[in-house]
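Reckoned from all heavy atoms, side chains included, excluding hydrogens, waters and symmetry mates. Position 1 is the first residue of the sequence; numbering continues from there.
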Amino acid sequence: MVNLTEEMKNMLKSQLPFLATTGIDGKPQVGPKGSLHVLDDSHLIYFEHTFRQAYDNLSSNHLAAVAVAVADRGAQQGFRFEGTAHIHETDDFANQILDKTNIFERFPRAGVVVIDVERIYKLDNTLEAGIQIA
């Protein structure tokens, strides 16, 4: 796994990240993940509460490969994080994380998805766009 820099962490905190998954049929799916944030230096996490396309793709795809893209439009800079996702719904880890939130006030069911960040790419509007940096 790789380590996220402070710049990456700050961008994930201040900008809306998008999660990309692939279904077993090979069709891509991408959508915003407002709850996605940094868990630690090499993991991202988000709260799963819709249990729709991304969840279906992750739970049916044995590879659980994902990409997260985040960019600052004004600065024309960003990052793409690629890795493997792990769903936690009713285990001790999920309970520990979700007990610190008020998510069950809005949703009857929730889980967490942890992403092992394995590769990071630049999404800058420069000649370095698409270069793997970690």
Side-chain angles (χ1 to χ4, degrees):
M1 276 183 269
V2 299
N3 287 322
L4 283 71
T5 66
E6 288 305 312
E7 179 186 19
M8 294 169 189
K9 292 176 185 179
N10 289 335
M11 188 172 289
L12 284 161
K13 187 184 297 184
S14 64
Q15 303 295 328
L16 181 62
F18 282 76
L19 175 75
T21 62
T22 304
I24 56 174
D25 59 0
K27 292 182 181 176
Q29 185 271 337
V30 65
K33 288 293 177 202
S35 68
L36 192 139
H37 59 282
V38 174
L39 177 63
D40 60 34
D41 285 345
S42 56
H43 296 90
L44 303 177
I45 187 171
Y46 72 89
F47 305 138
E48 179 58 67
H49 54 77
T50 64
F51 296 94
R52 291 199 179 100
Q53 289 176 312
Y55 176 82
D56 289 344
N57 287 349
L58 293 178
S59 59
S60 64
N61 187 339
H62 72 281
L63 297 176
V66 299
V68 173
V70 63
D72 180 328
R73 183 181 179 118
Q76 295 190 354
Q77 295 177 325
F79 301 98
R80 183 176 72 239
F81 307 93
E82 295 180 355
T84 305
H86 308 276
I87 300 171
H88 299 270
E89 189 175 347
T90 58
D91 60 16
D92 289 341
F93 180 77
N95 293 334
Q96 176 186 358
I97 298 293
L98 295 172
D99 284 349
K100 297 175 187 174
T101 73
N102 61 358
I103 196 164
F104 292 112
E105 292 176 11
R106 294 185 57 206
F107 304 100
R109 178 180 169 204
V112 296
V113 176
V114 176
I115 301 169
D116 302 334
V117 179
E118 298 159 356
R119 293 169 303 283
I120 303 172
Y121 298 85
K122 276 192 167 201
L123 295 182
D124 296 3
N125 185 14
T126 67
L127 293 177
E128 294 182 349
I131 291 178
Q132 184 172 347
I133 56 176

Problem set entry | Under 4.5 Å side-chain linkage, directly or through intermediates, the cluster mates of Y121 | none

Exercise. Among all residues two or more places apart in sequence or in another chain, which pass the ring pair (Phe, Tyr, Trp, His ring centres under 6.0 Å) test with F93?
Worked result: H88

For this session: Under the side chain to side chain contact (heavy atoms under 4.5 Å, CB included) rule, collect the residues that match up with D41, sequence neighbours excluded.
Result: N3, K9

Seminar exercise, completed: Sorted by chain and number, sequence neighbours left out, side chain to side chain contact (heavy atoms under 4.5 Å, CB included) with A69 holds for L123

Exercise. Just wondering, more than 12 heavy atoms not from R109 lying within 6.0 Å of its CZ?
Worked result: yes

For this session: For D25 and K27, indicate whether the former's side chain and the latter's backbone hold a donor-acceptor pair under 3.5 Å.
Result: yes

For this session: Tell me, yes or no, whether the heavy-atom count around Q53 atom CD, taken from other residues, nucleotides or ligands under 6.0 Å, exceeds 12.
Result: no

Exercise. Between V30 and L58, is there a shared hydrophobic cluster once you connect ILVMFWY residues whose side-chain heavy atoms come closer than 4.5 Å?
Worked result: no

For this session: Locate the shortest heavy-atom distance separating A85 from V66; write the atom from each residue and the value.
Result: CB-CG1, 3.8 Å

Exercise. When rounded to the nearest 0.5 angstrom, what distance separates CD in E6 from CE in M11?
Worked result: 13.0 Å

Problem set entry | Pairing residues for A110 by the side chain to side chain contact (heavy atoms under 4.5 Å, CB included) criterion, not counting sequence neighbours | L98, I103, F104

For this session: For residues F81 and V70, determine if any side-chain heavy atom of one lies less than 4.5 Å from a side-chain heavy atom of the other.
Result: yes

Exercise. Among all residues two or more places apart in sequence or in another chain, which pass the ring pair (Phe, Tyr, Trp, His ring centres under 6.0 Å) test with F51?
Worked result: Y55

For this session: Sequence neighbours left out, what passes side-chain hydrogen bond (donor to acceptor under 3.5 Å, both in side chains) with T50? Give chain and number order.
Result: E48

For this session: Mind checking side chain to side chain contact (heavy atoms under 4.5 Å, CB included) for T90 and listing every partner two or more places apart, or none if nothing turns up?
Result: none

Exercise. Which residues satisfy the side-chain hydrogen bond (donor to acceptor under 3.5 Å, both in side chains) test with E128, sequence neighbours excluded?
Worked result: K122

For this session: Would you name the heavy atoms of E89 and N95 that are closest together and state the gap between them?
Result: O-OD1, 4.5 Å

For this session: Kindly indicate whether the side chain of V68, heavy atoms from C-beta on, has any atom under 4.5 Å from the side chain of K33.
Result: no

For this session: Please identify each residue that fulfils ring pair (Phe, Tyr, Trp, His ring centres under 6.0 Å) with F47, with sequence neighbours left out.
Result: H37

Problem set entry | Distance (rounded to the nearest 0.5 Å) between L36 CG and I45 CD1 | 9.0 Å

For this session: Identify, with sequence neighbours excluded, every residue that meets side-chain hydrogen bond (donor to acceptor under 3.5 Å, both in side chains) alongside N125.
Result: Q76

Problem set entry | From I115 atom CD1 to T84 atom OG1, the distance as rounded to the nearest 0.5 Å | 9.5 Å

Problem set entry | Straight-line distance of R119 CZ to M1 CE, nearest 0.5 Å | 12.0 Å

Exercise. Excluding sequence neighbours, so at least two apart, what forms side-chain hydrogen bond (donor to acceptor under 3.5 Å, both in side chains) with T21?
Worked result: Q29, N57

Exercise. Given side chains that start at C-beta, do those of M8 and I133 come closer than 4.5 Å, heavy atoms only?
Worked result: yes

Problem set entry | Separation of E7 CD from D72 CG (nearest 0.5 Å) | 10.0 Å

Exercise. If you count the non-hydrogen atoms of other residues, nucleotides and ligands that lie under 6.0 Å from CD1 in I24, is the total more than 12?
Worked result: no

For this session: Compare every heavy atom of V2 with every heavy atom of E118, then report the nearest pair and how far apart it is.
Result: O-CG1, 3.6 Å

Exercise. Looking at CG of D116 and OG of S42, how far apart are the two atoms once the value is rounded to the nearest 0.5 Å?
Worked result: 7.5 Å

Exercise. Hey, any chance V113 and V117 share a hydrophobic cluster, counting ILVMFWY side chains that come within less than 4.5 Å of each other, even indirectly?
Worked result: yes

For this session: Apply side-chain contact (heavy atoms from CB on, under 4.5 Å) to I87 and V112, showing your working.
Result: CA-CA 6 Å; I87 300 171; V112 296; over 6 Å; no

Exercise. For D92, does the CG atom have more than 12 heavy-atom neighbours from other residues, nucleotides or ligands under 6.0 Å away?
Worked result: no

For this session: Kindly indicate, with the supporting measurements, whether the criterion side-chain contact (heavy atoms from CB on, under 4.5 Å) is fulfilled by V38 and L44.
Result: CA-CA 5 Å; V38 174; L44 303 177; 4.1 Å; yes

